[in-house]
Amino acid sequence: EWLEAHGGEDNVHPIFTLVTIFVVVADSLHIVDLGICHHLLANVLFHMVAEPGMVVGGTQAARLSAVWDLVVEQYHLQHTPTQLNSLKMSMIIDGNKISTSFPLLSSNVKAAESRHLCPVLRDVFASICRPAEEIDRKVLWCLDALCSYYEVLQSVDMFLTEAEQATLQE
């Protein structure tokens, strides 16, 4: 029935014609925690450190240290169970390729570390962002959206109800 409704066998990707049963499942750990979250958090950290005036410090190293101090403070305030031990520029972007690469958290940052860093970094960014700057408003919106996703995931069973699905779509 499905094949007929979707154009027949000519409309099937060749990978699905193999004599194997495939199950395609969205994998939150790899797609979100180690994927989207790593990209977003690295870009936010890079923005805070590379943009003069967001935090105190005349150099990127000084600004990185100031951001780390704010992160540590939020870790304590939020009683964050899984934390980074330090924050180095090499964890955010390859220092040899700053002009040719994009920020991405190091593969040494584990899924739980990035998942728990998300609400911490949201609150840090919210405390220093410049509401008049459109980029800062968009960054905060992205952080809020990802934190909302994690909040829903922590509060539901393995399978989402229709109401929980609707919450994620907001």
Side-chain angles (χ1 to χ4, degrees), residues 25-158 160 164 167-170:
V25 179
D27 174 4
S28 183
L29 177 121
H30 291 96
I31 295 170
V32 181
D33 299 341
L34 298 174
I36 294 166
C37 191
H38 270 209
H39 282 279
L40 176 62
L41 298 181
N43 275 280
V44 172
L45 288 164
F46 187 77
H47 177 62
M48 290 191 296
V49 171
E51 186 73 24
M54 289 211 69
V55 292
V56 176
T59 65
Q60 280 191 353
R63 291 191 294 272
L64 181 65
S65 179
V67 167
W68 177 243
D69 290 344
L70 294 169
V71 167
V72 169
E73 180 182 337
Q74 278 299 317
Y75 273 154
H76 293 299
L77 289 173
Q78 295 184 23
H79 306 288
T80 306
T82 307
Q83 305 176 8
L84 294 174
N85 294 321
S86 64
L87 184 62
K88 300 175 183 154
M89 203 63 181
S90 62
M91 296 168 67
I92 301 169
I93 194 165
D94 184 343
N96 298 323
K97 301 179 183 176
I98 287 181
S99 62
T100 59
S101 66
F102 51 87
L104 175 64
L105 283 184
S106 163
S107 60
N108 294 328
V109 176
K110 303 301 180 204
E113 292 169 333
S114 62
R115 188 180 323 117
H116 290 116
L117 178 60
C118 191
V120 166
L121 204 53
R122 176 199 50 204
D123 290 353
V124 166
F125 192 81
S127 73
I128 65 169
C129 76
R130 303 157 299 183
E133 297 288 331
E134 182 179 7
I135 185 71
D136 286 8
R137 291 192 310 270
K138 288 182 178 181
V139 166
L140 192 54
W141 182 88
C142 288
L143 287 167
D144 282 338
L146 188 55
C147 288
S148 294
Y149 171 81
Y150 283 131
E151 288 166 10
V152 168
L153 283 189
Q154 288 177 343
S155 65
V156 299
D157 288 329
M158 185 172 185
L160 300 177
E164 292 164 343
T167 302
L168 279 177
Q169 293 173 356
E170 294 172 2

Roughly how far, to the nearest 0.5 Å, is [atom2] of [Y] from [atom1] of [X]?
X: Gln78; Y: Gln83; atom1: CD; atom2: CD; answer: 10.0 Å
X: Leu140; Y: Cys129; atom1: CG; atom2: SG; answer: 5.0 Å
X: Met48; Y: Asp136; atom1: CE; atom2: CG; answer: 10.0 Å
X: Ser114; Y: Leu121; atom1: OG; atom2: CG; answer: 11.0 Å
X: Leu41; Y: Met91; atom1: CG; atom2: CE; answer: 11.0 Å
X: Leu34; Y: Leu29; atom1: CG; atom2: CG; answer: 5.0 Å

What heavy-atom pair brings [X] and [Y] nearest, and what distance separates the two atoms?
X: Val124; Y: Leu70; result: CG2-O, 3.5 Å
X: Arg122; Y: Asp144; result: CD-OD1, 2.8 Å
X: Tyr75; Y: Leu117; result: OH-CD1, 3.6 Å
X: His116; Y: Pro119; result: O-CD, 3.5 Å
X: Glu113; Y: Asn108; result: OE1-O, 3.8 Å

Taking the side chain as every heavy atom from C-beta outward, state whether [X] and [Y] have any pair of such atoms under 4.5 Å apart.
X: Glu51; Y: Glu133; answer: no
X: Leu64; Y: Leu45; answer: no
X: Tyr150; Y: Cys37; answer: yes

Derivation and outcome, side chain to side chain contact (heavy atoms under 4.5 Å, CB included), residues Ile92 and Leu87: CA-CA 8 Å; Ile92 301 169; Leu87 184 62; 4.2 Å; yes

Pairing residues for His39 by the ring pair (Phe, Tyr, Trp, His ring centres under 6.0 Å) criterion, not counting sequence neighbours: Phe102

Donor-acceptor under 3.5 Å (His47 side chain, Met54 main chain): no

For Asp123, all residues meeting salt bridge (Lys or Arg N to Asp or Glu O under 4.0 Å), sequence neighbours excluded: none

Qualifying side-chain hydrogen bond (donor to acceptor under 3.5 Å, both in side chains) pairs with a residue from residues 58-69, counting only residues at least two apart or across chains: none

